[in-house]
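Everything quoted here is computed from the prediction, not taken from an experiment.
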Amino acid sequence: MPVLEKSASAYFNHKGNNSQNMNKFRKHQDTAIPPTAKAIRVRNVQNPYIMRACEVEKHKETLYTIQSKLISFMKTDTYLKKKRDEENAKIGDTVFIQLNHQDGINLPSFICRGLITCIKKDGTYCILLVDHGTSIELTRDKLHIFPQDVVSDAYLTKTVGVFGVLPICMKKNGVVSNDSNATAVVVEKWTEEAIQFTKHLLSTSEIVHFDHLVTDESNGREYGEFYCTIDKTVILLSEALFINYHALYIEGDLLKLVETSTQLKEKWYILHVKFSRDRERRNNATCINGLNKSHTKFFLSEKILVQSSIDCDALSDITDLRYPNGIHEGWFESINSTRPRKLQSYIWPAINNGLNVVAIGSSQCGKTSGCVMAVCGQIAIRKKETRSATRPLALILCASSFEVISVQSLCQSFLRSFNNIRSVAAFNGKSDKSVAVGELFKKHKIIENREPRGDDRPILQIIISATNWTVQIKKFVHLAMYNPYICIASFIEAVVFKSICPKLYILKSTYKNEKILDLLKDDYTTLRTAIVCVNAKEAEELNNFLTFTKKTLLIHEKMKAFDIQALRESWISCVCGYYPVLICTDPVLSGLSFTNIQWLIHYSVLLKLRNEFNYRFSLLLDNMTQDATNCKISIIIDENNDVQFRSIIRILQRMKTVISPEMLDYVQRIAITLEKDKKDYALCDNVKSFGFCQDQNTCVFRHCILPEIDAPITNIQINDKVKLMVLYVHDTTHFSARIIEHIPHSDESKKITYSNVEYMQTTAKIQNYYGNIENRYDRNYSDEKFVDVRCIDSGIIHEYIDVRKLMHIPEELLNLPTHVVEIFLADVVPWDEEYMWNQYTNEQVHKWFAENFDGRSYIIGKICLHLGNTIWLDDLKIGTKLIGHPDLIGSSLKKELLLGNFAVWNNNHLSSLLKLCRNCGLTEINGHDISAAHK
C-alpha cells in the first residue's frame, strides 16, 4: 500500500485535476465546525454507514476508572470463589479479559470489557472490546463473565455513520469514470473504492469531529456529519464522497421516495436526480463537475456483468414488457412463468429501447427464449403500426438447422394469435426452400445503412445470443454493432470478455500447501485474497498449515449458520493492509455473496459440476465491472484433477493463457487415458455417426476404441455384404436392424442365412427365464438412479428408466447369439457440415422406407467397418425378391439424401474411425488389414 502524505491532496490523486479538486476545499478552510460536534477517534470502518468510534474527551480517564472497577471486582469473594469452567459463555454475554504482551494486542488498558459476538466451531470466541472499538479472538480460559451492574458506565465506543447520502458508482462503458457523460448508478452496497477512500481520509486527518443528527432506534446507530481536519482544511466526509463520485446526496423528491418506499431493495426505480444542496458550496461543486443532472438507478447487486454506455432498467415481471396480449399468452403457454430469468430481465429493456444487444450465458439460461420473445413482441407492435408492410421485419440467424427449427417453433408459439404475421424457417436441406438466407441479405440490404439515427439508436438493430464470448464475436461486435449493450451471465465468460489471464500450476497434491505459501508471500494483506476449496476437510487442512505464518479467515459448510454470518461480517469490515486470507468452500460461496475479491486462488478443481467452477469467478465481479486489471487468478491442478484437466485447459486457452506444447501433449495423454478408463460406457454415437464428437469435453460416452470390448461379435468382414431387416430408425443414418443374410466378398456363393427360428428361440429363452419370479432380482446400481436403455434385440431405446426396474441377466442369456446390430450409413453428414440431423432429414428417411419398402423387401449394403455390435455400410439399398428371377436392387438411401440436399459427403468419416482403431493398436479386423486403409 503506498504511503499517503498528510495532505488533503492525497485523496484526489486518482480523480482528474488535483488542483481543481483541492481548490474547492481550500475555499472552506474557514468552515465552522458546529458546537454540537464532538472530537472522535474512529477505530474501525466497515463502510461509510458503519464505523466504530469513541469520543476523545476524557476517554483515557474513563478507561482508567472502568479498569479500576474491574480490578476491584476481581478481588471480591464473588469472583474468587466462582468456577469459570462451570459457566456457559454465550453470544451477548458481557466479559472482561486480561491482556498481556503474548496476546500481541496493544491497548491503553490491560483489563478490558468485551461482548461475545460469535463462538466458532473450534471453541474460539470473537470478542468486541466495547471501550476500544476493536475485535479479537480468544479461547474460553481467557474470558471472565461478570454481571453488567459491576460496571454501569456506558460503552466508550459506538457505531456511527455518515448521514444524508447514498452510495453510487459513476459508470461509462461499464467502468468507473468521472466523465461529464458518466452515469451515477445508486448501488446497494458501498464500493470498495468508497470504503478505502473513507478509511484513508479518516486515518490521515489530524482530528475528526462528529455531529450527531439522527439515531436509528432499531439498533442504536448514530448518523451525522464527519468534519475532518487536514492541514488546517476542514473537509466534510459527505462532501468528499460526493465530489469524488462515491455518493449522492439524499434530499427533496429523492428523500421522499426513500422514506416512503418499503420495498426499495426488491424493485427498480429510474429517477432523474438534481445534484444540489442548499449550501452554496454544494452548487459550486456540482457545476464544476458538470453533473447538473444524472440518470440514477436503484437495483440489487445481481451477479451479472453489464457493459454499456447507455443505462437501461431491468424487469422483474414479464407483464412489464407490455407487449400485445397475444404475445404474453404465447409466452405463458410455452414457458409458464411470470418471472424473467436473470439474463432476460436485463436484455429485454435494452432490446425494447432499440439498442444493439449481446447476450452471453450458459445453456438453459433463457437467452434464446428471451431474445425470441423480444423480437416477436417488437414485430407485433410494428405490424400493428404498419399493417401494409410485406418485407421481413426480423431475420434470425442460427448456428444449425436444428436451432432454426427450435427458434421457429418459439416464434410460432409467441405469434400464434397473429394471423397477419408469418415466420418462415429456411436452411439448406429443408424441402420447402422458399426463402434462402443469402438472398435475404442481398435483397433487403441487411448489412447496409447501419449508421445511428438522431437518437443514438441504430437503424438496424442487431441482437447476438451465444454461450461463449469468442474472438469471432468480439470482432463482429467491433465491426458491425454500434454502441452495444453487452450482458454476460456466465462468470467464466466474463473473465474471457475482460481478458484476464489466469496462472496455472500443476503439481502433486502433497506440495500444494507449500505452493500456496510461496504464492502469498507478504503482500497478501493488501489484496482481498480468496482460496476456494472443494470441501471442509480440505479447507481446514490448508488453514491449519497457513495459520502459523499467515492471518487467515476460514469459512466452510460444516460451520453453523450464525458463525458463517459473523465471519462474513468480519471479512467485510477488514481494512486494506490487514486483509487475512479468506479460505472458503464451494458450498458456502452463494451464501457469502462476496463479489469484491481481487485474487482468486483455486486450491483444487475436483468438481462434479462445471457450474460450481463457474460460480467461483463471481467473486471477482466487482473488480471485473470496474477495473479488471485489479483481478488475479491462480489455478492449481494436481493428480486428482484429471477429469477436469482438459476442459480447464480449453478454458484457459480461451482466456489467452499461454499453454506450452509439452503441456498440450500431456493433456492429450491424460484425455486418452481417461477415455480408455470408460470401459463400462458405449462408444459415442456421434463418433459412430460422424467420426468425431463435438461435445467430447462434456460427453459421458467413450471416444476411443478398446480392442477387448470393440472386437466384432460376428465373423462379418469388411467388404462383405449383408441383408437386413430394419427394426428401428434412430436418426437419418443410424438404425437398428436384424441380419437376414451374410454374403462374404471372397465367395458370394457361400452366403450364410441367419435363421428366423434361432432368433425366435433366443426370444423364447429370455421370456421363459424371467417368467420365473425367482429370477427377477435387482442388479446393484450405486451411482445412477435413472438410465437410458437400448434393447439389444429390437434396437428400441427406453429413456429415463428407474434402475430399480432393471434385473440381473445371467451369463447363459448374455452369451446367446444376437441377430440385431447397429447400422450406420457411412460418409455422409448434414448440410453445412453440422453435427446433428434435424427432424426434416429424419422424416425423409421414414418417407423413403414408406415409399420403397414392402413385405417382399429387405435392405442390402456393403460393410465398410465392423466393431463390436456395430456395422458401417457404404449404402442402404432396397432389395426386392422376385420369383424365378434374381433379386431387384433398387432405391439408394445415400443418393436420396445427397440428391435431395438433405446431406453432403463426409470424406473424413471412415478415415477418422480407422485412425481411432490404429491409435489403440488395432491393425486388423476379422482378418482384414486396416493398417494402411484410408490414411
Side-chain angles (χ1 to χ4, degrees), residues 315 318-319 321-341 343-344 347-348 351-352 357 359 361 363-441 443-444 446 461-466 731-732 830-832 834 836-844 846-847 901-902:
L315 294 177
I318 305 295
T319 56
L321 284 170
R322 301 188 184 280
Y323 290 147
N325 290 335
I327 298 292
H328 287 278
E329 291 172 1
W331 173 272
F332 295 139
E333 291 180 17
S334 302
I335 310 299
N336 192 27
S337 173
T338 61
R339 186 177 181 85
R341 304 291 295 273
L343 190 64
Q344 293 167 350
I347 65 174
W348 278 337
I351 294 174
N352 290 345
V357 173
S363 59
Q364 309 303 317
C365 75
K367 57 184 182 293
T368 300
S369 60
C371 291
V372 174
M373 171 69 165
V375 169
C376 291
Q378 292 296 314
I379 287 175
I381 293 173
R382 295 190 183 187
K383 195 69 174 178
K384 188 176 181 180
E385 297 172 351
T386 57
R387 298 180 183 276
S388 60
T390 57
R391 62 182 178 85
L393 292 178
L395 173 64
I396 303 177
L397 301 178
C398 302
S400 67
S401 57
F402 181 85
E403 292 177 2
V404 169
I405 295 168
S406 176
V407 168
Q408 189 204 18
S409 176
L410 277 175
C411 290
Q412 290 175 332
S413 298
F414 299 152
L415 296 169
R416 66 183 64 179
S417 62
F418 299 87
N419 296 326
N420 61 336
I421 303 177
R422 181 179 176 225
S423 64
V424 178
F427 54 86
N428 291 322
K430 185 177 184 295
S431 57
D432 178 16
K433 298 189 295 296
S434 59
V435 181
V437 174
E439 290 298 320
L440 281 175
F441 269 89
K443 180 179 179 181
H444 298 290
I446 297 296
Q461 184 179 15
I462 301 175
I463 302 169
I464 294 179
S465 168
D731 63 36
T732 305
W831 263 88
D832 296 328
E834 295 179 9
M836 183 182 296
W837 297 101
N838 61 60
Q839 69 182 53
Y840 292 101
T841 56
N842 294 339
E843 289 173 359
Q844 186 62 24
H846 285 281
K847 180 181 178 183
N901 291 329
F902 294 100

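- Within 6.0 Å of the CZ atom in Phe418, the count of heavy atoms belonging to other residues, nucleotides or ligands exceeds 12.
- Checked by atom type and distance alone, the side chain of Trp837 never pairs as donor or acceptor with a backbone atom of Asn842 at under 3.5 Å.
- The line from CG of Asn325 to OG1 of Thr319 is 11.0 Å long, rounded to the nearest 0.5 Å.
- Under the rule for a ring-ring contact (aromatic ring centres under 6.0 Å, His included), the partners of Trp348 that lie at least two apart in sequence or sit in another chain are Trp331.
- Asn838 places a side-chain N or O within 3.5 Å of a backbone atom of Thr841 that can act as its donor or acceptor partner.
- One finds the CD1 atom of Ile396 at 12.0 Å from the CD atom of Glu403 (value rounded to the nearest 0.5 Å).
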With side chain to side chain donor-acceptor pair (under 3.5 Å) as the test, would you mind laying out the steps for Ser401 and Glu834 before giving the verdict?
CA-CA 8 Å; Ser401 57; Glu834 295 179 9; 2.8 Å; yes
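- Using modelled atom types, one side-chain atom of Ser413 and one backbone atom of Ser409 make a donor-acceptor pair closer than 3.5 Å.
- For the atom pair His846 NE2 and Glu843 CD, the distance stands at 8.5 Å (nearest 0.5 Å).
- Contact record, Ile351 with Gln461: O-NE2, 2.9 Å, taken as the closest heavy-atom pair.
- A donor-acceptor contact shorter than 3.5 Å is absent between the side chain of Gln412 and the backbone of Ser423.
- Rounded to the nearest 0.5 Å, atoms CD (Gln839) and OG1 (Thr732) are 11.0 Å apart.
- No donor-acceptor pair under 3.5 Å is formed between the side chain of Lys367 and the backbone N or O of Ala359.
- Contact detail for Cys365 and Arg341: the closest heavy-atom pair is O-CB, 3.5 Å.
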Intermediate values then yes/no, side-chain contact (heavy atoms from CB on, under 4.5 Å), Phe414 and Val375
CA-CA 10 Å; Phe414 299 152; Val375 169; over 6 Å; no
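- Here the shortest heavy-atom pairing between Ala374 and Tyr323 reads CA-OH, 3.4 Å.
- A distance of 12.0 Å separates CG of Leu397 from CD1 of Ile463, quoted to the nearest 0.5 Å.
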Please lay out, stage by stage, how Met373 and Ile318 fare under the test side-chain contact (heavy atoms from CB on, under 4.5 Å).
CA-CA 10 Å; Met373 171 69 165; Ile318 305 295; 4.3 Å; yes
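- Interatomic distance, CD1 of Ile381 versus CG of Leu393, reported as 12.0 Å (0.5 Å rounding).
- Residues Ser369 and Leu410 approach most closely at CA-CD1, 4.0 Å, considering heavy atoms.
- Among all heavy-atom pairs drawn from Ile327 and Cys376, the shortest one is CD1-O, 3.7 Å.
- Counting all heavy atoms, side chain and backbone alike, His328 lies closest to Leu321 at CE1-CB, 3.9 Å.
- Using a distance-only test at 3.5 Å, with no hydrogens or angles considered, no donor-acceptor pair links the side chain of Gln344 to the main chain of Pro340.
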